[in-house]
Amino acid sequence: MQSENITPRDRLIVALDVPGVAAAEAMIGKLGDSVTFYKIGYQLAYAGGLPLVRQLSAAGKKVFIDLKLHDIGNTVARGVESVAKLGATFLTVHAYPQTMKAAVEARSGSSLRILAVTVLTSYDDNDLHAAGYRLNVTDLVEARARQAQELGVDGLVCSPEEAANIRKIVGSRMDLVTPGIRPAGSATGDQKRIMTPARAIAAGANYLVVGRPVMEASDPKAAADAIVAEIAQAKA
Ligand code: C5P
């Protein structure tokens with residue numbers, strides 16, 4: 001998806017990182033028309049949050065299911081088919097060739113798009129080595145980005161710091177979705193490699209995932225609007 005075809009508001013994905021459906025619905029109500037795209041991850045999905053995907057889609061919103069699938073190809077394919085029926089827009093899988101291939105095949109004919117997670121951003125070279133890998137983080141990210149592109153994966157989740165380099169590798173056709181976004185002046189929390197919305201867009205991100213700077217703001221709607229305004233001003 002080319003960025004010029006997406007409105008600034010549709011490029012903000014708010015992470016519904018809350019412990020249950022009631023809290024999620026309260027936040028969705030507060031955010032109203034300011035947010036069009038939500039992410040549901042482990043915490044909410046495993047607390048009964050998956051029916052929200054259909055509810056949000058029926059209300060004209062888009063949903064990113066962040067469950068980072070990885071299993072034998074057949075199991076991944078069956079899972080992807082079920083997620084596609086929920087009406088989600090994005091689903092994450094780990095960037096293993098078998099997993100990506102199965103996910104891409106299983107999503108065909110639906111509007112679901114597959115995002116691959118190259119290397120988790122909490123991993124450094126030592127973590128990869130401890131897990132038995134020969135490559136360092138940079139080389140593994142590049143190799144997996146290339147594999148993802150060859151296998152027809154729709155996009156990649158990456159840190160904003162990696163976005164410019166990955167954009168050079170994969171060209172303009174893949175979506176780059178970046179968490180680790182902090183508007184100037186907001187608390188960083190546990191995120192180490194952060195960027196402002198404008199800089200992430202300039203680095204080549206199509207979509208920004210933002211959790212705490214919106215969810216924990218005293219006025220979440222105003223926080224979301226400010227991020228959308230910054231996206232609108234940013235030069236890609
Ligand atoms: O609160 P914050 O803006 O840091 O939330 C970022 C969201 O993006 C969380 O849901 C987190 O799980 C997710 N995420 C991340 N870093 C990654 C991948 C996903 O922070 N590398």
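The figures that follow rest on heavy atoms only: side chains count, while hydrogens, waters and symmetry mates do not. The first residue in the sequence is number 1, and the count goes up from there. As the structure is a computational prediction, the values presented were derived from the model and not from experiment. Indexing begins at 1, ligand by ligand and atom by atom, following the structure's order.
Taking every heavy atom of G211 and a limit of under 4.0 angstrom, the matching atoms of ligand 1 come to 1 (O), 2 (P), 3 (O), 5 (O). For ligand 1, the atoms closer than 4.0 angstrom to any heavy atom of A15 are 10 (O). Listed by atom number, the atoms of ligand 1 under 4.0 Å from R212 heavy atoms are 1 (O), 2 (P), 3 (O), 4 (O).
Among all protein heavy atoms, the one lying closest to atom 20 (O) of ligand 1 is Q191 NE2, 2.7 Å. Among all non-hydrogen protein atoms, the one lying nearest atom 16 (N) of ligand 1 is P179 CG, 3.5 Å. Annotation: atom 21 (N) of ligand 1 to nearest protein heavy atom, T121 OG1, 2.6 Å.
One finds no salt bridge joining D219 and K221 here, because no Lys/Arg side-chain nitrogen approaches an Asp/Glu carboxylate oxygen to under 4.0 Å. A salt bridge links K101 to E105: one of the charged nitrogens lies within less than 4.0 Å of a carboxylate oxygen. Salt-bridge annotation for R9 and D33: absent, with no side-chain N of the basic residue lying under 4.0 Å from a carboxylate O of the acidic one.
For the side chain to side chain donor-acceptor pair (under 3.5 Å) criterion with R212, the lone passing option out of D17, T188, D190 is D190.
Aromatic ring centres of F37 and F64 lie farther apart than the 6.0 Å criterion allows.
Annotation: K68 places no N or O atom under 3.5 Å from an N or O atom of ligand 1; distance criterion only. Note: no N/O pair closer than 3.5 Å links D190 and ligand 1 by distance alone. Among the atoms of V209, none of the N or O lies under 3.5 angstrom from an N or O of ligand 1. For a threshold of 3.5 Å applied to N or O pairs, the pair formed by D17 and ligand 1 contains at least one separation below that value.
At least one heavy atom of R182 lies less than 4.0 angstrom from ligand 1. Between K39 and ligand 1 there is a heavy-atom distance shorter than 4.0 Å.
Note on M195 and V141: separate hydrophobic clusters, where clusters join Ile, Leu, Val, Met, Phe, Trp and Tyr whose side-chain heavy atoms are under 4.5 Å apart, directly or indirectly. Y46 and M27 fall within a single hydrophobic cluster, where Ile, Leu, Val, Met, Phe, Trp and Tyr side chains are chained together by heavy-atom contacts under 4.5 Å.
In this structure, Y96 and H94 have perpendicular ring planes: the angle between them is above 60°, well past the 30° mark.
Contacts with ligand 1 closer than 4.0 Å are made by side-chain heavy atoms of P213 only, the backbone lying farther away.
Atom CD of Q233 has 12 or fewer heavy atoms from other residues, nucleotides or ligands within 6.0 Å.
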